[in-house]
Protein chains: 2
Amino acid sequence: MRKRYTTIKDIARVLGISVATVSRALRDSYDVRPETRKKVLDVATELNYKPNFNATGLVRQSTHNIGVIIPTITNYYFSTVITGIQEVAQRNDFNIILYITNDSPENEIRIVKNLSLSSLDGLLACVSSQTNFYTHFQDLIDDGLPVVFFDRVVPTIHTSKVMQDDFNGAFMAVETLIKSGYNKIAHITGPKGLQLTDNRLLGYYAALDQYGIASYPEWVIHSGFSQKDGEEDALKLLGGERVPDAIFAVNDRKAVGAILALKRNAIKVGEEIGVIGFTNDPISEIVSPTLSTIAEPAYEIGLKSCELLLKHIRKSHFEAQEVILESRLIQRESTIRSISRQSS
Amino acid sequence: MRKRYTTIKDIARVLGISVATVSRALRDSYDVRPETRKKVLDVATELNYKPNFNATGLVRQSTHNIGVIIPTITNYYFSTVITGIQEVAQRNDFNIILYITNDSPENEIRIVKNLSLSSLDGLLACVSSQTNFYTHFQDLIDDGLPVVFFDRVVPTIHTSKVMQDDFNGAFMAVETLIKSGYNKIAHITGPKGLQLTDNRLLGYYAALDQYGIASYPEWVIHSGFSQKDGEEDALKLLGGERVPDAIFAVNDRKAVGAILALKRNAIKVGEEIGVIGFTNDPISEIVSPTLSTIAEPAYEIGLKSCELLLKHIRKSHFEAQEVILESRLIQRESTIRSISRQSS
DNA sequence: GATCTACATGTAAACGTTCTCGTAACTATT
DNA sequence: AATAGTTACGAGAACGTTTACATGTAGATC
């Protein structure tokens, strides 16, 4: 049974003063006598007063809510980003409302179309991997809702974006493979059209170019981001005409999938085929052999995205910004050619 | 720059009718002529009308928000639970507002104290592992806010709870170890006072009892839930007077920690010391040897919790319910005594 | 043709705040 | 003592909806 909660009116009645004064006492300090203020505050805590955000939101034309649209949260990267977002939001008294698209464009569109600036102060979004119409986001932006994209950003929309340095990360990954003695390097990556996919692919080509190493179209496989996709891609590479001696995966899940597939085919990972991933998912330390990878600043991406969004919310004319955070190489067993492997 | 959005008044003005009629046309179907209704709907879509939830919330005394309090989301179990929650919430047009406590009682208390039934229709909560005062939750319930606990539930609070069958899961886990030939079985578990910890511990003792197997106090180690805790606990067991030949871990993260620690000490997992976990985290298939475990119905726990909460929200006198979902055994390599181990 | 009923719509209060204005009571200035 | 300025507070509108109640119109009933 829902009880009636304490309102500003209750406090006013108890003290025999007006609601206006109570409101001021609760918020501003000016224009109200210290003693009055104290009395109000005392009664407020005594009656366990909590502001009604519907009411404040209605009059101030703002909720303290920011929406977060994300393909999935059951993976290290995204859940860490959200943790970062949440951290900043909490510090600034903003709530985060979570929308999970399950990486489906239909869900994404349905969700976004239902959003409005009457229920949200701003939006943080990571688009689903198969989305290619972005008008639903553009509409929201045109309506005046501040939007910041992260990780999977939309190139054609002008707004703030936060991502890791995909190009240099990929470059480092491939360079590491080359320096470790691999020279038939394949790349299993995400769907086309995603800026992240493009940039990592570009980094891959750039590194090959710089070291004068050949690549073949069949060595670049576009598919999804899951572990299963990684397994399938690896099998495809193994079954091809030219079998590579190293695989650069667009993320650690795919890299792990590839490692599992290779192991099942009795291929010694590292020794025969090197594998490097991208993310620094904790599984990269658990899989055997442990996985070399490019560490993404997931938490920082969350922090930065949310900070940027808050700036947009607070200054209506804050200029859109693109933030690129550094990635860094972590070398483990999967890119080392003859290691004294630890037992199993 | 935030634009003014379309309101019900705009629609009324365009059509020269009253806001009441527009409101009715938008919601009920009765008491408004079909043609009028159609005109309203047409204008609404044309002007891209979206209801202002602050306003509706204010008058209906309800937001469509449910809060979710959770220690962390960067792990398989919790992120999957949330995905389940989100699924039901979305289907029922409820938003979920996410609060992450980082497993800290101070954060939890601060967050809960700021909550109120003017901003939330209900709350789903999983308490932090070190919390032992629960008055902050009780206060909220006393205020009339529907609360459903999941996983880590609070025994002393009367409200709906959803959890997996911890007792039987633990029983199965230990039974499996026994049937695989282990008989010096240790248990590394979570903090005392948590119902989940207690129930799994009880299941552990019950299985040992049933098979007439001895246990020793030093074989039951209470600590945190992290992988690191698992490593430390395992080392403690190895360094003890009586070294066990099997470890039942309260969750997969700790089990993985234990496996890693054992491997570093050149102990053959499975062969020499069996390990079984709890959760069925995807890492359990990736770690080597693969980890036997008790699969928790994480997604279903999310679904069920949210469904239950919605019932509480909709029926103010809905009776509190305790739901216990089944866990099931998944046997892999870590509990098999001599396996033809796959290459590394 | 008067009354009754049903239907479709309008009027206005209410939800809990914030905030602009107005104003009484002081204090300061001359 | 008259005036101006300051301080602390109140009145009331506004935010966008919903909803109880009132009202007007049309057809049905006698």
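Per chain, numbering begins at 1; letters A, B, ... match sequence-line order.
Remark: side-chain polar atoms of Ser128(B) are not paired, donor with acceptor, to backbone N or O of Pro71(B) under 3.5 angstrom. Within the 3.5 Å criterion, the main-chain N or O of Ser129(B) finds a donor-acceptor partner in the side chain of Asp103(B). Not one N or O on the side chain of Thr36(A) forms a donor-acceptor pair closer than 3.5 Å with the backbone of Val32(A).
Atom CG in Asn52(B) sits about 5 Å away from atom C1' in dG16(D), given to the nearest Å. Distance NZ (Lys9(A)) to C1' (dT18(C)): 13 Å, rounded to an integer number of Å. If you take CG of Leu58(B) and P of dG16(D), they are 12 Å apart, rounded to a whole angstrom. Rounded to whole Å, the distance from CZ on Arg24(B) to P on dA20(D) is 10 Å. With rounding to whole Å, Leu15(A) atom CG is found 11 Å from dC9(D) atom P. As a whole-Å value, the separation of Leu26(A) CG from dT17(C) P is 9 Å.
When the nearest nucleotides of DNA chain C are assigned to Val22(B) and Asn54(A) by heavy-atom distance, the more 5′-ward of the two goes with Val22(B). Place Arg33(B) and Thr21(A) on DNA chain C by their nearest nucleotides, and Arg33(B) ends up nearer the 5' end.
The ring pair (Phe, Tyr, Trp, His ring centres under 6.0 Å) analysis of residues 57-98 of chain B, with sequence neighbours excluded, yields the pairs His64(B)-Phe94(B).
A salt bridge between Asp10(A) and Arg13(A) is present, with a side-chain N of the basic residue lying under 4.0 Å from a carboxylate O of the acidic one.
Across all strands, Asp31(B) comes closer than 4.0 Å to base atoms (heavy-atom distances). Note on Arg27(B): only backbone sugar-phosphate atoms sit closer than 4.0 angstrom, heavy atoms only; bases stay farther off. At a threshold of 4.0 angstrom between heavy atoms, the contacts of Ser23(A) include nucleobase atoms, whether or not backbone atoms are also involved. Residue contacts shown for Phe53(B) are absent, as no nucleic acid heavy atom lies under 4.0 Å away.
Distances shorter than 4.0 Å separate none of the side-chain N or O atoms of Tyr5(B) from OP1 or OP2 on dC15(D). The side chain of Ser18(B) contributes no N or O atom lying less than 4.0 Å from OP1 or OP2 of dT9(C). Residue Lys50(B) places none of its side-chain N or O atoms closer than 4.0 Å to OP1 or OP2 of dG16(D). Note on Gln61(B): a side-chain N or O is less than 4.0 Å away from OP1 or OP2 of dG16(C).
For Tyr5(B) and Tyr49(B), the ring centers are positioned 6.0 Å apart or more.
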Pair assignment for DNA chain D - dot-bracket with | for other-strand partners, Watson-Crick or G-U under 3.5 Å: ||||||||||||||||||||||||||||||

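Residues satisfying the salt bridge (charged side-chain N to carboxylate O under 4.0 Å, His left out) test with Arg314(B), not counting sequence neighbours, are none.
The side chain of Ile8(A) lies closest to dT17(C) when the candidates are dG12(D), dT18(D), dT17(C). In the set dT19(D), dT18(D), dC15(D), the nucleotide with an atom closest to the side chain of Thr56(B) is dT18(D).
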